[in-house]
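Since the structure comes first, as structure tokens, the remarks are kept for the end.
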There are 4 protein chains.
Amino acid sequence: MTSADPAVAGRPLRADARRNRARVLEVAQQVFAEEGLAVPIDEIARRAGVGVGTVYRHFPTKDALFEAIIVERLRGVGEAAHELAQGPDAGRGFFAFFELMVRDASLNKALFDALAASGSFNQELTSEARQVMMTGLGELLAKAQEAGEVRADLTAADVKTFMVGCLAMARQGTADPGLIVGVVCDGMRPVSPVRTPEG
Amino acid sequence: MTSADPAVAGRPLRADARRNRARVLEVAQQVFAEEGLAVPIDEIARRAGVGVGTVYRHFPTKDALFEAIIVERLRGVGEAAHELAQGPDAGRGFFAFFELMVRDASLNKALFDALAASGSFNQELTSEARQVMMTGLGELLAKAQEAGEVRADLTAADVKTFMVGCLAMARQGTADPGLIVGVVCDGMRPVSPVRTPEG
Amino acid sequence: MTSADPAVAGRPLRADARRNRARVLEVAQQVFAEEGLAVPIDEIARRAGVGVGTVYRHFPTKDALFEAIIVERLRGVGEAAHELAQGPDAGRGFFAFFELMVRDASLNKALFDALAASGSFNQELTSEARQVMMTGLGELLAKAQEAGEVRADLTAADVKTFMVGCLAMARQGTADPGLIVGVVCDGMRPVSPVRTPEG
Amino acid sequence: MTSADPAVAGRPLRADARRNRARVLEVAQQVFAEEGLAVPIDEIARRAGVGVGTVYRHFPTKDALFEAIIVERLRGVGEAAHELAQGPDAGRGFFAFFELMVRDASLNKALFDALAASGSFNQELTSEARQVMMTGLGELLAKAQEAGEVRADLTAADVKTFMVGCLAMARQGTADPGLIVGVVCDGMRPVSPVRTPEG
DNA sequence: GATGAATGAGCTTTCATTCAT
DNA sequence: GATGAATGAAAGCTCATTCAT
């Protein structure tokens, strides 16, 4: 962990090492996004123009590398949520937030795999980044609910679930991302009395 | 179900073979559902109490086995859709249809993987079962739209996409299936003028 | 062994059994000839219209089945040699004998595989049929040598070796079978003084 | 030899890699020669004292490994033919050439398998090495024919076929290699009028 | 620090053979 | 006797990870 993220730990990396790390991360993000978790580490190393050993120096495990990507992603997501929560129109901000996820098509496959991954991954590895994200999301959600723009019975976890669902749907490529977001967002709005006349 | 037999049709399987086939299918369904596509065939064979060869006798390929499960699932879904389309209240039927997908939690991971699978799978293998499903779904959708219960701009493909999304979400285990279905179904309803006063 | 060749052993086979045995043998001969030893037993059973079990009832082993074919073949060869040995022109007969082997293209692959087979096969399994063949061949060879038409230093084993070589060559399909036989036959003729003026 | 390197050329291999590659090649040559194509890669790896992965690193496929051996062999053969063609006595050289093939007993089984191999192998994989060989052989043959030492109607392909035949025969171990070569070489000599008085 | 060669467990698949029906 | 379902030992090949250079 400490060695996986030296920026957090001890001394700063040598210039070339930092460059390599960044390059690997960048390439891995792309490749994972395009082809999912199945792509071999060797392939990533090759595309990044480094040896496998170098990849492993920076990321002790394939999962660790993958996590690093997701973490970065989730952190970004969380920060965006936080910022939007500070804005004047939390309702609008909340729904805008959804689009952010779906738009970034390049990461879908990776995120998709990450979230679909069996077990352990979700629970432990990304916990730190999840915190950041969930916090930002919770903040934003609360404000949007206060403003009456979002169903009051939804939790941040629920919303995250919907995000994942949207990612999955967008990845399908069988429906317009805008429509997907539109429908799910509509669904998250408070149910107007008009809507369910029979209820 | 019965038609998902050995080589499409042929003569009926021997009693023990049928038993084994069913057993493999059942176990595979469970195991795939629990652990996804990554689980080795050997493991499935072991759990089913048969040799690997037996699995391969019935399903010439791992993909074929997986497909058989999905196919069975989709067929069931399609048939259900068709039946509901015959009912008096297509709107209610349409939304009831969604629940059917999500309920069957045991298959989610498998379906999820199947639908997330890269390329070839989606397009060819399941085409037959997809036909059945899409037809039934289209039927049901049309009636529900006529009844004004579903947004008129949704296509059957869109709805399928939403189904997949719901499956993905339910699989997460991070939100109540009922809630998931509720939200997405609400989202698919025609947008009432009240809902988007600013639009 | 006894069960593999009931004609030699105990009571005669039931009519259908005999039919099956013959059918398997016939099909196996063809299939082995066409595709070599690599063809699965299941395939042979299928083409013969019987179950695998039936094949195994008649031939306890794949090798045994293969042997049976070779045996039959060699027996035929031996008998032909014997008959030719009785003829008036043993020299001509001897060389005609070669053609017989190469002509029968349908068996080449099988014979080829048999003779190329690693080890044990050659030495034990075919011993009986080999006897028959070698005896006939020896007879023919002796007469041809007496007539001065074949190099006196050749043994029956040598000639058999040349036969195998011709089979191998014919199988290649890269030279005219007639030419192959012609060249090798010429080579087996006594070396005329004219031929090696420098010797 | 040197050109049979990793990806045709690239940079030179690391010392240990080169050692391993050579070791694998050497072992494979021996093992294939002794036991033919059937020997598992694992076995070769084991005998070479390396992991399977190492074998596959150097030779992406079992066939590729096999080819590498044959290629090396055929190249040597072709070069020898070329050199002999430069000599003063092409006739003698031509026939000496045959011995070269048969002598090298260690490779027979491998070459045999290679040449007997069904289809694709012969046609494509070894094409480069085949070129070298066939060219050298053609050269030598032409000169020998000019000198009246070899039947004028033989093509290089025919001669190759005879070579294969000799390999097959030598492999049998049932006849003296010298005799085999002697007979076939005699057969390739021009037919003297004396030889076929009846023709 | 970087490299990439080496490792070997593990995966899918095939097929000779056995044995319940 | 016939059948074909079941078996399971290999086999070829991949790829995450280690470690000598």
Side-chain angles (χ1 to χ4, degrees), chain A residues 13-18 20-21 38-46 49-65, chain B residues 6 11 13-21 24 38-43 45-46 49-65, chain C residues 13-18 20-21 38-46 49-65, chain D residues 6 11 13-21 38-43 45-46 49-63 65:
Chain A
L13 287 173
R14 231 163 62 180
D16 59 342
R18 198 166 53 238
N20 275 337
R21 186 178 199 279
V39 74
I41 285 282
D42 294 59
E43 175 69 10
I44 289 171
R46 203 179 53 69
V50 302
V52 241
T54 303
V55 175
Y56 275 93
R57 164 160 290 269
H58 291 297
F59 308 96
T61 279
K62 192 186 189 179
D63 277 356
L65 169 57
Chain B
R11 88 198 68 172
L13 287 173
R14 231 164 58 183
D16 56 344
R18 199 166 52 238
R19 230 181 358 255
N20 273 334
R21 187 178 199 278
V24 166
V39 74
I41 286 283
D42 294 59
E43 175 68 10
R46 203 179 53 67
V50 302
V52 239
T54 302
V55 175
Y56 276 94
R57 161 166 284 268
H58 291 297
F59 309 97
T61 280
K62 190 184 190 179
D63 277 356
L65 169 57
Chain C
L13 288 173
R14 233 165 58 181
D16 58 343
R18 199 165 53 237
N20 274 339
R21 186 178 199 279
V39 74
I41 286 281
D42 294 59
E43 175 70 8
I44 289 170
R46 201 178 54 68
V50 302
V52 243
T54 304
V55 175
Y56 275 94
R57 164 160 290 271
H58 292 298
F59 308 96
T61 277
K62 191 187 190 179
D63 277 356
L65 169 58
Chain D
R11 87 197 70 171
L13 287 173
R14 231 165 59 184
D16 57 345
R18 199 166 50 237
R19 231 182 356 257
N20 273 334
R21 188 178 198 276
V39 74
I41 286 282
D42 294 58
E43 175 69 10
R46 202 178 52 68
V50 301
V52 240
T54 302
V55 176
Y56 277 97
R57 160 168 284 269
H58 291 295
F59 308 97
T61 280
K62 190 186 190 178
D63 277 357
L65 169 58

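Protein chains get the first letters and strands the later ones, always in sequence-line order, with residue 1 at the start of each. In this text the structure is predicted, and so the values were computed from the model without any measurement. Atoms considered below: every heavy atom in the structure, side chains included; atoms not considered: hydrogens, waters and symmetry mates.
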> Want to know the stems of DNA chain F: at least 3 consecutive Watson-Crick or G-U pairs with distances under 3.5 Å, which are they?
Replying inline: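 Expected stems, ordered by start: E:2-21 with F:2-21.
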[atom1] of [X] versus [atom2] of [N]: gap in Å, rounded?
X	N	atom1	atom2	answer
D:R46	E:dA9	CZ	P	14 Å
B:R57	F:dG8	CZ	C1'	14 Å
B:H58	E:dT13	NE2	P	16 Å
B:E43	E:dT12	CD	P	11 Å

> So, is C:N20 close to the F:dA2 phosphate, meaning a side-chain N or O under 4.0 Å from OP1 or OP2?
Replying inline: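 Affirmative; the distance criterion is met.
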> Counting just side-chain N and O atoms, does B:T54 come under 4.0 Å of either OP1 or OP2 of F:dA5?
Replying inline: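 Negative; the distance criterion is not met.
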>> So, using side chain to side chain donor-acceptor pair (under 3.5 Å) as the criterion, who are the partners of B:R19 when residues are at least two apart?
In response: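 With neighbours one apart ignored, the set is empty.
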> Where is the tightest heavy-atom contact between D:Y56 and D:K62, given as atom of each residue plus distance?
Replying inline: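 Reported closest heavy-atom pair: CE2-N, 4.4 Å.
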>> If you only use heavy atoms from C-beta on, which nucleotide in F:dA16, F:dT3, E:dG1 is closest to the side chain of C:V50?
In response: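 Nearest to the side chain of C:V50 among the choices is F:dT3.
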> Closest to the A:A17 side chain: E:dT12, E:dA2, F:dA2?
Replying inline: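 It is E:dA2.
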> Between D:V39 and A:V39, which has a closest nucleotide on DNA chain F that is more 5'?
Replying inline: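 So the residue in question is D:V39.
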> If you find the nucleotide of DNA chain F closest to C:G51 and the one closest to B:G51, which residue's nucleotide is nearer the 5' end?
Replying inline: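 Closer to the 5' end of DNA chain F: C:G51.
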> Looking at residues at least two apart in the chain, or sitting in another chain, which of them share a side chain to side chain contact (heavy atoms under 4.5 Å, CB included) with D:D42?
Replying inline: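 Per chain and number, D:D42 pairs via side chain to side chain contact (heavy atoms under 4.5 Å, CB included) with D:V52.
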> Say you draw a straight line from CD of D:E43 to CZ of D:R46; how long is it, rounded to the nearest 0.5 Å?
Replying inline: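 Taking CD in D:E43 and CZ in D:R46, the distance rounds to 4.0 Å.
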>> Rounded at 0.5 Å granularity, tell me how far CD1 in A:I44 sits from OG1 in A:T54.
In response: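 Here the interatomic distance stands at 13.5 Å.
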Pick out the pairs of N or O atoms, protein on one side and nucleotides 17-21 of chain E on the other, that lie under 3.5 Å.
from, atom 1, to, atom 2, distance (Å)
E:dT17, OP2, C:Y56, OH, 3.3
E:dT17, OP2, C:K62, N, 3.0

